[in-house]
Amino acid sequence: YQAIGDLPEGVVVLAGILNKVERGLIDLVSESEEPMSYQDQAGGIGFDIFYNLGTRGITLANKNLTNNLKRYIRDCVFFELARPGTTLNANDFMNNTDYMSLFGEAVNPSVFTVYYSDTKPEGETCSCTVAWANISTDLNNQATFESTTKETCANIGFDPTVPAEYNRCQEIMTNTISYLWGASYDITQVTRQVAITEAINDTVIGASPDTVASLIASRDTGTAWLSGGMMANEFVPVLRAVLTAIMLGLIPFFALLIPTPIVGKVLPLLAGSFVWLTSWGVTDAIVHQFAIDYAKKAYYEVANNGLGMMA
């Protein structure tokens with residue numbers, strides 16, 4: 001928030017009283033200690049975090065890592081899946097909590113791929129064993145996904161350059177993960193799973209133009225349904241803030257009308273407007289509790305597939 005000075009004391013007192021009333025009523029319908037409470041998750045910011053991860057994609061600090069993942073999947077993982085006698089199964093990629101062990105099964109000193117690096121941007125041929133050793137080192141490095149975490153926090157309104165805000169954002173991410181999946185996954189692990197899933201998805205799509213058309217049509221249909229809710233979630237709080245500012249700004253003008261014969265109409269209008277704005281926040285808190293409960297049930301299928309492709 002931004003502190004504003006030089007306001008009339010009457011406006012400050014009225015706004016403060018209404019704020020305390022609103023917060024008191026919200027506390028009656030929402031437990032502030034719960035990780036998914038209205039106080040911590042207003043507007044569903046925890047869900048926004050993972051929605052942004054899935055729709056905006058992963059921004060990796062290591063620009064070569066994405067290309068290396070795609071080549072390793074195409075040259076090494078696909079080969080291992082098709083190799084007679086392999087223990088690697090395609091279903092394992094659908095439901096899992098860590099791709100690392102699965103990708104590790106595709107190492108093979110006799111199968112070769114292309115590995116990209118800063119010293120060899122054009123790529124160099126190496127075995128799947130050597131490639132995975134380098135790729136896994138990058139994937140296990142927390143700094144690889146730091147830019148993605150900061151970008152995600154910035155998208156939901158936190159300033160990642162302020163340590164307190166960045167830590168608070170990470171805390172919300174951790175609490176949401178624990179609530180939705182019922183497990184304590186590390187933020188880096190979740191981000192890494194999303195990055196690998198994107199690489200697998202892009203590799204499969206690149207091999208089948210028909211799959212591309214089908215997925216794009218499905219995505220556009222889903223986006224059309226989501227757009228209304230996303231726009232409302234983003235702009236309704238702004239609308240409420242604007243209306244509150246307008247009502248506070250009109251108080252001095254309403255005060256000028258109190259000595260006039262229309263005081264009987266001015267006071268009910270003023271009181272009713274602020275009661276309505278206060279009730280707005282309380283109603284939001286009540287609806288939030290219903291929405292979180294419903295979202296938990298709707299998210300069950302996602303959580304049931306861990307952090308795999310089907311999630």
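Taking 4.5 Å as the limit, some side-chain heavy atom of I196 sits within range of a side-chain heavy atom of L139. Two residues are said to be in side-chain contact when any heavy atoms from C-beta on lie closer than 4.5 Å; T176 and M173 fail this criterion. No side-chain heavy atom of T119 sits under 4.5 Å from any side-chain heavy atom of E124. Counting only heavy atoms from C-beta outward, the side chains of C153 and E165 never approach each other to under 4.5 Å. Contact check for I177 versus V190: side-chain heavy atoms found under the 4.5 Å cut-off. T144 is listed as a side-chain neighbour of N141, based on a closest heavy-atom distance under 4.5 Å. With a 4.5 Å cut-off on side-chain heavy atoms, F112 and C128 do not count as touching. Within the 4.5 Å cutoff, no side-chain heavy atoms of R74 are placed close to those of T113.
There is no side-chain donor-acceptor pair under 3.5 Å between N134 and N68. With 3.5 Å as the limit, one finds no donor-acceptor pair spanning the side chains of Q170 and T149. Between the side chains of Y115 and T125, not a single donor N or O lies within less than 3.5 Å of an accepting N or O.
Rounded to the nearest 0.5 Å, atoms SG (C169) and CG (D159) are 11.0 Å apart. Going from atom CG of D138 over to atom CG of N64 covers 9.0 Å, rounded to the nearest 0.5 Å. Summarising the geometry, atom CD belonging to E146 is positioned 12.5 Å from atom CD belonging to E151; distances are rounded to the nearest 0.5 Å. Atoms OG1 and CZ, on T152 and F158 in that order, are 12.0 Å from each other to the nearest 0.5 Å. Considering OG1 of T203 and NZ of K70, their distance stands at 6.5 Å, rounded to 0.5 Å. Going from atom CD of E105 over to atom OG1 of T87 covers 4.0 Å, rounded to the nearest 0.5 Å.
The heavy-atom pair separating T161 from P163 by the smallest distance is O-CD, 3.5 Å. Taking all atoms of both residues into account, the shortest heavy-atom contact from T260 to L256 is CG2-O, 4.1 Å. Looking at every heavy atom in both residues, S127 comes nearest to P109 through CB-O, 3.7 Å. The two residues A199 and L69 make their nearest non-hydrogen contact at CB-CB, 3.9 Å. Here the closest heavy-atom approach between residue L102 and residue L88 is recorded as O-CD1, 3.8 Å. For the pair R71 and V114, the tightest heavy-atom approach, listed with the atom from each and the gap, is NH2-CG2, 3.2 Å.
A donor-acceptor pair under 3.5 Å links the side-chain atoms of Q189 to the main chain of T97, judged by distance alone. Proximity of a side-chain donor or acceptor of D75 to a complementary backbone N or O of Y72 within less than 3.5 Å is not detected. Remark: side-chain polar atoms of S136 are paired, donor with acceptor, to backbone N or O of A133 under 3.5 angstrom.
Residue-environment remark: CD (Q142) stays at or below the threshold of 12 foreign heavy atoms within 6.0 Å.
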From CA spacing to verdict: side-chain contact (heavy atoms from CB on, under 4.5 Å), F93, L81: CA-CA 11 Å; F93 291 89; L81 286 171; 4.1 Å; yes
Let's go through I187 and F145 carefully: what are the C-alpha distance in whole Å and the side-chain angles of both, what is the deciding distance for side-chain contact (heavy atoms from CB on, under 4.5 Å) to 0.1 Å, and is it a yes or a no? CA-CA 9 Å; I187 296 174; F145 305 100; over 6 Å; no
For a side chain to side chain donor-acceptor pair (under 3.5 Å) check, start with the C-alpha distance between N140 and R192, then their side-chain angles and the critical distance, and finish with the verdict. CA-CA 8 Å; N140 285 319; R192 181 174 63 212; 3.3 Å; yes
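Checked for salt-bridge contact, E171 and R168 meet the test: a charged N lies under 4.0 Å from a carboxylate O.
Cluster membership check: V194 shares its hydrophobic cluster with V77, using side-chain heavy-atom separations under 4.5 Å among Ile, Leu, Val, Met, Phe, Trp and Tyr. I200 and V107 fall within a single hydrophobic cluster, where Ile, Leu, Val, Met, Phe, Trp and Tyr are joined by side-chain heavy atoms under 4.5 Å apart, directly or via other members.
Using bins of under 30°, 30° to 60° and over 60° for the plane-to-plane angle, the ring pair W132/F103 lands in the tilted bin.
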